[in-house]
Amino acid sequence: MKLIIAIVNNDDSHFVNTGLTAEGYQITKISSTGGFLLNGNTTFFLGVNDERVERALEIIKAHSKKRVKSIPSTMPIGAAGSFSAMNTDVSVGGATVFILDVERFCAF
Ligand code: 2BA
């Protein structure tokens, strides 16, 4: 058994959720925040039997899109210490996924 932890953009989380539950996956999701952009995202936890891991990854991948976010940054201009506002593009997503071995699973 594996534990899949998938960090998904909030805009995609509904589609990932329904895609997984429609195929019988049991999921828990929590609201989370990216440490770099400080934007909200959704973290899914799925306990999955080994033979169903690849299908779960396919579903997550199919519904998670890559996006480019333009974020403000400042750059020094000239020797006088003045700054110019610039934008920097940051690529976000699709999903960031961790797959962990489960040592023991209990449901009481
Ligand atoms: P954030 O931390 O808000 O990061 C958003 C995007 O900013 C990242 O997209 C990456 O392209 C960029 N980024 C992050 N940290 C950076 C840094 N120190 N310097 C330059 N650019 C940086 P993704 O890689 O697609 O990550 C999307 C979200 O997934 C992240 O949001 C974070 O919540 C999570 N994540 C990604 N990698 C992770 C990891 N190794 N461990 C835990 N969470 C992770």
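Hydrogens, waters and symmetry mates are skipped; everything else that's a heavy atom, side chains included, is used. Order of appearance sets the numbers: ligands from 1, and atoms from 1 within every ligand.
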Any idea which part of Asn39 is under 4.0 Å from ligand 1, heavy-atom wise: side chain, backbone, both or neither? neither
Nearest protein heavy atom with distance in Å, relative to [atom]:
atom: atom 4 (O) of ligand 1; answer: Phe36 CB, 3.6 Å
atom: atom 23 (P) of ligand 1; answer: Gly93 N, 3.9 Å
atom: atom 28 (C) of ligand 1; answer: Asn41 ND2, 4.0 Å
atom: atom 34 (C) of ligand 1; answer: Ile7 CD1, 3.7 Å
atom: atom 39 (C) of ligand 1; answer: Phe98 CZ, 3.7 Å
atom: atom 26 (O) of ligand 1; answer: Thr96 OG1, 3.8 Å

Is it true that atom CD of Glu51 has more than 12 heavy atoms of other residues, nucleotides or ligands lying nearer than 6.0 Å? yes
With heavy-atom distances below 4.0 Å as the criterion, list the atoms of ligand 1 near Gly34. 1 (P), 2 (O), 3 (O), 31 (O), 33 (O)
Enumerate the atoms of ligand 1 whose separation from the nearest heavy atom of Ser91 is less than 4.0 angstrom. 6 (C), 8 (C), 9 (O), 10 (C), 11 (O)
Within the distance-only criterion (no hydrogens, no angle test), does the side chain of Asn87 pair as donor or acceptor with the backbone N or O of Ser70 below 3.5 angstrom? no
Would you say Asn9's side chain and Asp11's backbone share a donor-acceptor pair under 3.5 angstrom? yes
Side-chain ion pair, Asp89 and Lys69, N-O less than 4.0 Å: no
Carboxylate-amine/guanidinium contact Arg55 Glu58, below 4.0 Å: yes
[X] versus ligand 1: do any nitrogen or oxygen atoms come within less than 3.5 Å of each other?
X: Val90; answer: no
X: Leu37; answer: yes
X: Val92; answer: no

Test applied, side chain to side chain contact (heavy atoms under 4.5 Å, CB included); reference residue, Leu46; option that passes from Ile59, Ile5, Ile27: Ile27
Does the side chain of Ser64 pick up a donor-acceptor pair with the side chain of Asp12 at under 3.5 Å? no
Do Phe44 and Thr28 have side chains that approach each other closer than 4.5 Å (heavy atoms only, starting at C-beta)? no
